[in-house]
Amino acid sequence: MGSEINRRDALKRAMAIGLLAVPATSLLSACASSDSGDSSTKPKSQGTKSADNPLGVNKGTALEAFVFKGGFGDDYIKSAEADYNAKYGITVKHTGTQAIGPKLQPRFAGSTPPDFMDNSGADNLDTAALAKTGKLQDLTPLLDAPTIDDPSKKVRDVLIAGTIEQGQFGAKEMYAFNYAFTVYGTFYSNKLFKDKGWTYPQTFSDMLALCKKIKAAGIAPFTYPGKYPYYVLFDLLHQIGKVGGKDALNAIDNLDDGAFKTDAVKEVISYYEELAGQGYFLQGSEGMTHIQMQTAWTQGRAAMVADGSWVENEAAPTMPKDFDLAVGSLIGSGPNDKLPFGTLYAAAGEPFIVAKDGKNPTGGMELLRIMLSKKQTTNFTNAVKSLTCVQGAADGLTLTPGLTSANAALKAAGPNVLNARIQDWYKKLNNETIGNLTLDLLTGKIKATEWMDKAQKASDDTKKDSSVPKFKHL
């Protein structure tokens, strides 16, 4: 995650040149001509399958990788590519970029996509639309292939629960492989909290009381990236799930009637209205990028941010050595919440996709299989301070403070892990419409009731829009 360019401006530029000027489904369908959307077609450039080559990669066939170069960088992909190169006798053509969507939308439209893509960042491709129009390779053959380290186990058998579901879009096929396992929450400096005698709270009322102390100490309690306000939704949406239960969150994902008008939503949005009314956000946050937000936070101008566990790597250039990064679980109204304190938003993230119309989709799946090896998962965790989607991959490794805290929070959450799908099922609704409504809430331009009314209308409008693919929880 993360990009130092102005993502909202990038979207506007993309629209100006016609890349996003029409609904993604219409654009992709228009250029698909005879494509029926059947993902069962035998991959191109298929080689002979063997115990050492279970997917049947055709040795010597070119492979092109297009990788989002954000908070994780792209060196970990290059490491896996080196193993692929050595085994299959080629040099992967590698491109690292922060503008995945603007650069690849025309290539998908022209049926010349790269084989393998890390489809992350705010300017990413609409995975849901690509899947619905038959542009992505179904990754089920990868799931059923043996792992590199233990051929007696299939890839699907070693993945953390929820990883496969995260890459599905209302059906059994898996079109996105989310490699990193990210813990989200409220991040803070444990050193600062210990020095000041502060304790991370469990309820909205206790957090408001803590914010009063933090502000009195001359520090803003919170900051956020107003350029990308959907960061706030990492906490906000899942706090709705904590208060109202998974059904409340699923109703939002499903675009159900009245999903944004429930008591749980009212409690959470009223809490954010109170934070804004009390001046508990760092002045100027509304104009910040995520990098500027993180810098203000690591420099001690703000005490807390809503972010993902990639922040330890992304903010490393400005984070003091003794910062002692920690993550707090979701807070809520109290004991009447449907889910207990300790409930967490955690999900497989950093989605990798393979183009069905690429020259070497089998090679794209094989590169993912290599990335799941112990060698490569260890390299990823050590290099970028993040967990992977492979069970037990971090066992025995020396973890950084932030990763140790995230790992402990994940274990403590047990089954109480939430993951809103609106953010990948309905990207525009989540990132732009609801994100911008939240920015208006945090800057005092609207109140909680208006936020709820407008969010519900936006959900209803999306539901009625026939050009937007629809999804439901299975």
Side-chain angles (χ1 to χ4, degrees), residues 7-12 14-15 19-27 101 122-129 132 169-170 184 224-244 246-273 275-276 286 306 345 418-473:
R7 304 182 188 189
R8 188 180 300 161
D9 286 347
L11 286 171
K12 291 177 180 177
M15 292 181 70
L19 297 180
L20 302 175
V22 296
T25 303
S26 300
L27 174 61
D123 290 329
N124 64 347
L125 294 157
D126 189 337
T127 306
K132 280 288 186 179
F169 294 86
Y184 298 80
Y224 62 89
K227 294 292 185 182
Y228 321 121
Y230 64 83
Y231 269 63
V232 181
L233 301 180
F234 296 161
D235 274 355
L236 185 153
L237 285 175
H238 298 87
Q239 286 163 342
I240 292 171
K242 182 190 183 307
V243 174
K246 290 185 179 181
D247 288 345
L249 201 56
N250 288 351
I252 290 174
D253 293 340
N254 290 339
L255 305 179
D256 287 351
D257 295 343
F260 283 101
K261 304 299 286 287
T262 64
D263 290 341
V265 174
K266 184 177 180 180
E267 286 188 51
V268 173
I269 304 306
S270 296
Y271 159 68
Y272 281 90
E273 180 184 317
L275 287 175
E286 64 273 15
Y345 166 30
L418 297 172
N419 178 18
R421 299 306 306 277
I422 186 176
Q423 53 208 354
D424 45 31
W425 287 356
Y426 305 107
K427 178 185 171 186
K428 182 177 180 181
L429 173 63
N430 184 81
N431 289 16
E432 295 181 39
T433 308
I434 296 176
N436 287 332
L437 279 176
T438 302
L439 178 60
D440 287 344
L441 180 73
L442 301 189
T443 53
K445 294 179 181 178
I446 62 173
K447 300 297 185 182
T449 53
E450 188 175 357
W451 187 98
M452 293 168 65
D453 289 341
K454 290 185 174 181
Q456 186 61 56
K457 183 180 185 303
S459 176
D460 293 342
D461 289 346
T462 301
K463 187 176 183 178
K464 296 172 185 175
D465 188 344
S466 60
S467 70
V468 178
K470 305 301 190 300
F471 307 94
K472 293 282 186 181
H473 283 277

Legend entry - Carboxylate-amine/guanidinium contact K427 D424, below 4.0 Å: no
Inset, instruction - Keeping the roles fixed (side chain from K472, backbone from N254), state whether a donor-acceptor pair exists under 3.5 Å. - result: yes
Inset, instruction - Apply the test side chain to side chain contact (heavy atoms under 4.5 Å, CB included) to residues L237 and N430: give CA-CA distance (whole Å), side-chain angles for both, the deciding distance (0.1 Å), then the verdict. - result: CA-CA 10 Å; L237 285 175; N430 184 81; 3.5 Å; yes
Legend entry - Any side-chain donor near an acceptor of the partner, E432 and N436, under 3.5 Å: no
Inset, instruction - Could you check Y230, Y272, Y224, W451 and say which one makes a side chain to side chain donor-acceptor pair (under 3.5 Å) with T438? - result: W451
Legend entry - Salt-bridge contact K428-D126 (side-chain N to carboxylate O under 4.0 Å): no
Legend entry - Neighbour count >12 (heavy atoms, 6.0 Å) for atom NZ, K470: yes
Legend entry - Any donor-acceptor pair under 3.5 Å from S270 side chain to E267 backbone: no
Legend entry - From Q239 atom CD to L418 atom CG, the distance as rounded to the nearest 0.5 Å: 10.5 Å
Inset, instruction - Could you tell me the separation between the CD atom of Q423 and the CG atom of D253, rounded to the nearest 0.5 Å? - result: 8.0 Å
Legend entry - Rounded distance [0.5 Å steps], CG in L255 versus CD1 in I422: 6.5 Å
Inset, instruction - Show the numbers, then the answer: is there a side chain to side chain contact (heavy atoms under 4.5 Å, CB included) between D256 and N250? - result: CA-CA 9 Å; D256 287 351; N250 288 351; over 6 Å; no
Inset, instruction - May I have all residue pairs that pass ring-ring contact (aromatic ring centres under 6.0 Å, His included) and include part of residues 429-450, sequence neighbours excluded? - result: none
Legend entry - Distance, nearest 0.5 Å, that separates CG of D257 from OG of S459: 8.5 Å
Legend entry - Straight-line distance of L439 CG to Y231 OH, nearest 0.5 Å: 15.0 Å
Inset, instruction - Let me see the working for L442 and E286 under side chain to side chain contact (heavy atoms under 4.5 Å, CB included), right down to the final yes or no. - result: CA-CA 8 Å; L442 301 189; E286 64 273 15; over 6 Å; no
Legend entry - Criterion side chain to side chain contact (heavy atoms under 4.5 Å, CB included) on E273 and L441, from CA distance to verdict: CA-CA 6 Å; E273 180 184 317; L441 180 73; 4.2 Å; yes
Inset, instruction - Decide, yes or no, whether a salt bridge links K457 with D461 under the criterion of side-chain N to carboxylate O below 4.0 Å. - result: yes
